[in-house]
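Below is one structure, written out as structure tokens; comments come after it.
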Amino acid sequence: MDFQTGISYYKSGKFEEALVVFNQLITENQSESNYFLFRGRILSRMGQTESALEDFDKIVALEPYNTDFISDRAVVLHLLGKNEEALTEFDRAANLDPNNPYRYSSRAFFKDRIGDLMGAIQDYEKAIELDPEDAVAYNNKGLVEEKLGYQKKSKKSFEKADDLVGYKAPENKEPNPPANEKPAPLPEIPKNGNTNEALTLGNYFQIVKKVFTDPKTRSEFFQFLKKPFS
């Protein structure tokens, strides 16, 4: 059994097989943080979030100044409903890595979910200050402003996001859809509220981490946000 085999199982959704591999790797070497990182993600995908937290506790103990690990641990705490502890960890990651816009975007995403809408806007604004080309941060700020009833501000944020990625809304040739047909809803980033809604560590990372750090993914995700379901 080796690390790459475990990763292959994990990526293909064979979590039971992946868990066997990482359990064995950890038995052989308990000082390799990546082993605990992936086992924690596997356990979370299997619904064993408390056990996942133990692994994230371990990796933060092994690398106490690794802000990615600190932020990842904050996500696990959030999934367990331990939002005060999660906020402390998001704050610590931002304090250790203050010039990284992802620290603020990820904390803003979290604050939106727990209902701290003003705090979310402040963090999105900080992320935009550090990365003025971040269309998703503008778009998400617009979503939060919309929730607060700031229609002019949200419109401005959405327009800025559209401009950054060159998005143009399709012409509406049928302004009034048939009476028996409802317009398709736009997909949304998960809303704040019950932390037990369908969100796992895996898809949280997929939604937040890659979107806010990879320009190509950011653009694709923005287009996804703007595209109605078929």
Side-chain angles (χ1 to χ4, degrees), residues 33-34 36-38 40-41 44-45 52-53 55-56 59-60 62-79 82-145 157-158 160-165 187-192 195 199-226:
S33 55
N34 277 323
F36 290 97
L37 173 66
F38 279 96
R41 290 182 177 180
S44 175
R45 295 295 289 272
L53 180 59
D55 279 349
F56 279 90
I59 65 172
V60 171
L62 287 169
E63 298 188 35
Y65 301 108
N66 185 316
T67 51
D68 283 336
F69 291 166
I70 293 168
S71 184
D72 291 352
R73 181 173 180 270
V75 172
V76 182
L77 288 165
H78 168 51
L79 295 177
K82 300 179 179 182
N83 289 324
E84 289 186 12
E85 294 177 59
L87 180 58
T88 298
E89 292 297 87
F90 279 119
D91 289 346
R92 187 155 72 99
N95 290 335
L96 288 168
D97 194 13
N99 297 316
N100 185 343
Y102 168 64
R103 300 295 161 220
Y104 302 96
S105 291
S106 57
R107 188 171 65 182
F109 185 89
F110 162 74
K111 286 181 177 179
D112 181 10
R113 282 185 56 81
I114 66 171
D116 180 7
L117 302 185
M118 293 304 300
I121 288 175
Q122 290 171 1
D123 275 345
Y124 279 130
E125 287 177 345
K126 181 63 177 179
I128 289 166
E129 177 187 328
L130 292 168
D131 182 4
E133 303 299 307
D134 188 346
V136 173
Y138 273 108
N139 188 76
N140 291 357
K141 183 166 81 80
L143 290 172
V144 179
E145 289 166 338
S157 295
F158 292 142
K160 180 64 176 178
D162 290 349
D163 289 342
L164 283 169
V165 297
E188 294 182 8
I189 287 179
K191 297 179 181 179
N192 59 290
T195 58
L199 182 69
T200 67
L201 185 61
N203 61 31
Y204 194 112
F205 287 143
Q206 183 180 5
I207 292 169
V208 183
K209 196 165 193 174
K210 199 171 181 184
V211 164
F212 288 126
T213 56
D214 183 338
K216 183 175 183 294
T217 305
R218 178 187 300 168
S219 178
E220 290 172 352
F221 185 74
F222 183 84
Q223 295 294 333
F224 168 76
L225 284 173
K226 294 293 183 179

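What you see below is based on every heavy atom in this structure, not just the backbone, and it leaves out hydrogens, waters and symmetry mates. All residue numbers in this chain count up from 1 along the given sequence.
- Glu129 is linked by a side-chain contact (heavy atoms from CB on, under 4.5 Å) to Lys126, counting only residues two or more places apart in sequence or in another chain.
- Leu164 and Pro132 get closest at one heavy-atom pair: CD1-O, 3.7 Å.
- Here Glu63 pairs with nothing under the salt bridge (Lys or Arg N to Asp or Glu O under 4.0 Å) rule; sequence neighbours left out.
- Residues Asp97 and Thr67 share a closest heavy-atom pair of OD2-OG1, 3.7 Å.
- Here the NZ-CG distance, from Lys111 to Leu87, works out to 6.0 Å after rounding to the nearest 0.5 Å.
- A search for side-chain contact (heavy atoms from CB on, under 4.5 Å) contacts involving Gln122 returns nothing, not counting sequence neighbours.
- We find the CD1-OG distance between Ile121 and Ser157 to be 8.0 Å, quoted to the nearest 0.5 Å.
- Taking CD of Glu85 as the reference point, atom CZ of Arg73 lies at 6.5 Å (rounded to 0.5 Å).
- In this structure, Tyr104 contributes its side chain and Asn99 its backbone to no donor-acceptor pair below 3.5 Å.
- Contact detail for Leu96 and Ile70: the closest heavy-atom pair is CD1-CD1, 3.6 Å.
- Legend: residues meeting salt bridge (Lys or Arg N to Asp or Glu O under 4.0 Å) with Asp55, ordered by chain and number and at least two apart, are Arg39.
- With rounding to the nearest 0.5 angstrom, the CG atom of Asp72 is 11.0 Å from the CG atom of Leu77.
- Contact of the Tyr138 side chain with the Tyr124 side chain is not registered, since no non-hydrogen atoms from C-beta on lie closer than 4.5 Å.
- Under the side-chain contact (heavy atoms from CB on, under 4.5 Å) criterion, Leu62 pairs with Ser33, Phe36, Lys58, not counting sequence neighbours.
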>> Checking Arg41 against Phe56 for the side chain to side chain contact (heavy atoms under 4.5 Å, CB included) test, could you report, in this order, the C-alpha distance in whole Å, the side-chain angles of both residues, the deciding distance, and whether it holds?
In response: CA-CA 9 Å; Arg41 290 182 177 180; Phe56 279 90; 4.2 Å; yes
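- For Lys160, there are no salt bridge (Lys or Arg N to Asp or Glu O under 4.0 Å) partners at least two apart in sequence or on another chain.
- Scanning all heavy atoms of the two residues, the minimum distance from Ser71 to Ser106 falls at OG-OG, 4.1 Å.
- Between Asp123 and Ala108, the shortest heavy-atom contact is CB-CB, 3.6 Å.
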>> Would Arg113 and Phe109 count as a side chain to side chain contact (heavy atoms under 4.5 Å, CB included) here? Give the steps.
In response: CA-CA 6 Å; Arg113 282 185 56 81; Phe109 185 89; 3.8 Å; yes
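- Evaluation of the salt bridge (Lys or Arg N to Asp or Glu O under 4.0 Å) rule for Asp91 yields Arg107 as partners, not counting sequence neighbours.
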>> Assess the residue pair Phe110 and Asn83 against the criterion (side chain to side chain contact (heavy atoms under 4.5 Å, CB included)); give the C-alpha distance rounded to whole Å, side-chain angles, the decisive distance to 0.1 Å, and a yes or no.
In response: CA-CA 9 Å; Phe110 162 74; Asn83 289 324; 3.5 Å; yes
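- Nearest heavy atoms, Ser105 versus Asp134: OG-OD2, 4.1 Å.
- Residue Asp162 holds its CG atom at 7.5 Å from CG of Asn139, rounded to the nearest 0.5 Å.
- To the nearest 0.5 Å, atom CD1 of residue Ile114 and atom CD of residue Glu84 are 9.0 Å apart.
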